[in-house]
2 protein chains.
Amino acid sequence: MNIECHNIIDNQMSVFSVLNQEEKELLKKNSTCTYYKKNDIIYKEGDKPSGLICLSKGKVKIFKEGVGGREQIVRMAKPVGFIGYRALFAEQNYLASAEAIEDCVICTIEKETLYKILSTNSELSFSIIRSLASELGFSNNRTVTLTQKHIRGRLAESLLFLKDTYGIEDDEATIKVYLSREDIANLSNMTTSNAIRTLSTFASEKIIALDGRKIKILDLKGLERISELG
Amino acid sequence: MNIECHNIIDNQMSVFSVLNQEEKELLKKNSTCTYYKKNDIIYKEGDKPSGLICLSKGKVKIFKEGVGGREQIVRMAKPVGFIGYRALFAEQNYLASAEAIEDCVICTIEKETLYKILSTNSELSFSIIRSLASELGFSNNRTVTLTQKHIRGRLAESLLFLKDTYGIEDDEATIKVYLSREDIANLSNMTTSNAIRTLSTFASEKIIALDGRKIKILDLKGLERISELG
DNA sequence: ATAAAAATATGTTAAAAAACATACAAATGT
DNA sequence: ACATTTGTATGTTTTTTAACATATTTTTAT
């Protein structure tokens, strides 16, 4: 029944493409498939990682609880991608929580098997090094933009980030992810009120169009300008 | 003349301790030693990494230029430690700049040699994976604290961070790094004025004592409390 | 030794964003 | 179908922090 796991491991786009057939078979034998409903918690801050979690279907938010329980989204995951691998490789407990924002299919690769393959396959190690290094660059960047940009700049950046991460619908304008205003706020380091207010302002300026949780980007250049100016 | 490089590579505390003698010799042959004066730029945002830079002596700040040229320090390096390895491993140009805050001795390991050893030594790859993963956790944490904590909390956290990173002098109280108020501000996401003001307030509350750039921690528990409360 | 520049200190004002309040709409459960 | 909860919207007040102004001290360069 873990056909979804097999698909990931065989996927040409995944980091596993550098493995030989034997290694792939070993991974498949030592991975399990799990299903999550929208709003389900996949893991919580403080939990111990049990394996490498691979997102096969659905979308996931990774967030930290900050001062007074205030939530900050540090990453948005999409298929095919890993979640929770930072803690696994740092040999730490999770420092953030993961929650499904859509129904999800997840494949968990057993830790020992992964390490066995890693110890013989330097290509896979390189891939992981590259991924971690890229994400660290992204995180350092976010630290600066979330602290230095003003509300409009932060929101504009978040909208562009969501568009780049999840792409757009067939209408060539609607961001392909449907977040609550609260999640948008938690992604952009602002209160829900300010997210709602600023989205409304953007809509009144014809930079975006709002229809419930649907966000349509009407003026991409304008949005980029707001994001850059801060 | 690159005896300092040799010392690093032979150092039992460095990640190179997992290498065999032959690998260590190869590294030594393909590394160069450079000296930097206080305030010298080691590399700039946008530069291309040429090798793995290892800090043998001195202290270095890693910072990014943000909105309107406003500086944010993302990391403080100490010996023996790497700098600029994120960009190297991500195969990107530097996303931050590095500047000596003391006279420094630096050892640069040639990229090709490093990769050759990495491809045969999975232990070294693991070390690098672990380091990057730890630092990513640290960075995500900073994103949250710098955005959510108030000025006093951010400054308290920075002082504790400096103490943990560089240790304390023989008096068991003075933080073993001497930064300008501007650097402290750039580390803590605040203006120089506010760093000076808040340091003065801490001093008047007998939490710290100030003597030029010397910062003495008088009430560690108090400082921790301020940092945690935000 | 002295001028110039840089760093530190502190008070005042202005801007940004959070907190708070309230209303309304939409989704959910019974 | 209705009540309850959750999410969205918007106006007002308060807090926080940046921006600005101006001394004073320290460092650096000549």
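This is a predicted model, so every value here is computed, not measured. Note that these values count all heavy atoms, side chains included, but never hydrogens, waters or copies made by symmetry. Numbered from 1 within each chain, the chains take letters A, B, ... in sequence-line order.
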Length of the line joining A/Leu199:CG and D/dT10:C1', which is rounded to integer Å: 14 Å
Touch class at under 4.0 angstrom, heavy-atom based, for A/Arg152 against every strand present: nothing
Closest nucleotide among C/dT8, C/dA19, D/dT8 to the A/Arg197 side chain: C/dA19
Side chain of A/Arg213 - closest among C/dT10, D/dG7, D/dT17: D/dG7
Phosphate OP1/OP2 of D/dT8 contacted by A/Thr192 side-chain N/O (<4.0 Å): no
Length of the CG-C1' vector between B/Asn186 and D/dA18, whole Å: 14 Å
Student check: side-chain heavy atoms of B/Arg154 and B/Thr145 closer than 4.5 Å: no
Spacing between B/Asn39 atom CG and D/dT28 atom C1', to the nearest angstrom: 12 Å
A/Thr191 side-chain proximity, nearest of C/dA19, D/dA18, C/dA17: C/dA19
Short side-chain N/O contact from A/Ser180 to OP1 or OP2 of D/dG7, under 4.0 Å: no
Side chain proximity check, A/Lys216 to A/Asp171, heavy atoms < 4.5 angstrom: yes
Nucleotide D/dG11, atom P - distance to CG of A/Asn194 in whole Å: 13 Å
Sugar-phosphate only, base, or nothing, as touched by B/Ser193 at under 4.0 Å among non-hydrogen atoms: base
Length of the line joining A/Glu182:CD and D/dG7:P, which is rounded to integer Å: 6 Å
Passing option when B/Glu135 is tested against B/Arg86, B/Arg75, B/Arg142 for salt bridge (charged side-chain N to carboxylate O under 4.0 Å, His left out): B/Arg75
Pair B/Phe16 + B/Phe82: ring centers closer than 6.0 Å: yes
Distance in angstrom units between A/Ile196 CD1 and C/dA25 C1', rounded: 12 Å
Nearest-angstrom distance from the residue atom CE of B/Met190 to C1' of C/dA16: 17 Å
Beyond-backbone contact of A/Asn39 with A/Glu99, side-chain heavy atoms, under 4.5 angstrom: yes
Between D/dA18 (P) and B/Leu155 (CG): distance, integer Å: 12 Å
Sugar-phosphate, base or nothing in reach of B/Asn189, heavy atoms under 4.0 Å: sugar-phosphate
Closest to side chain of B/His150, choosing from C/dT12, D/dT17, D/dT10: D/dT17
Short side-chain N/O contact from B/Arg181 to OP1 or OP2 of C/dA6, under 4.0 Å: no
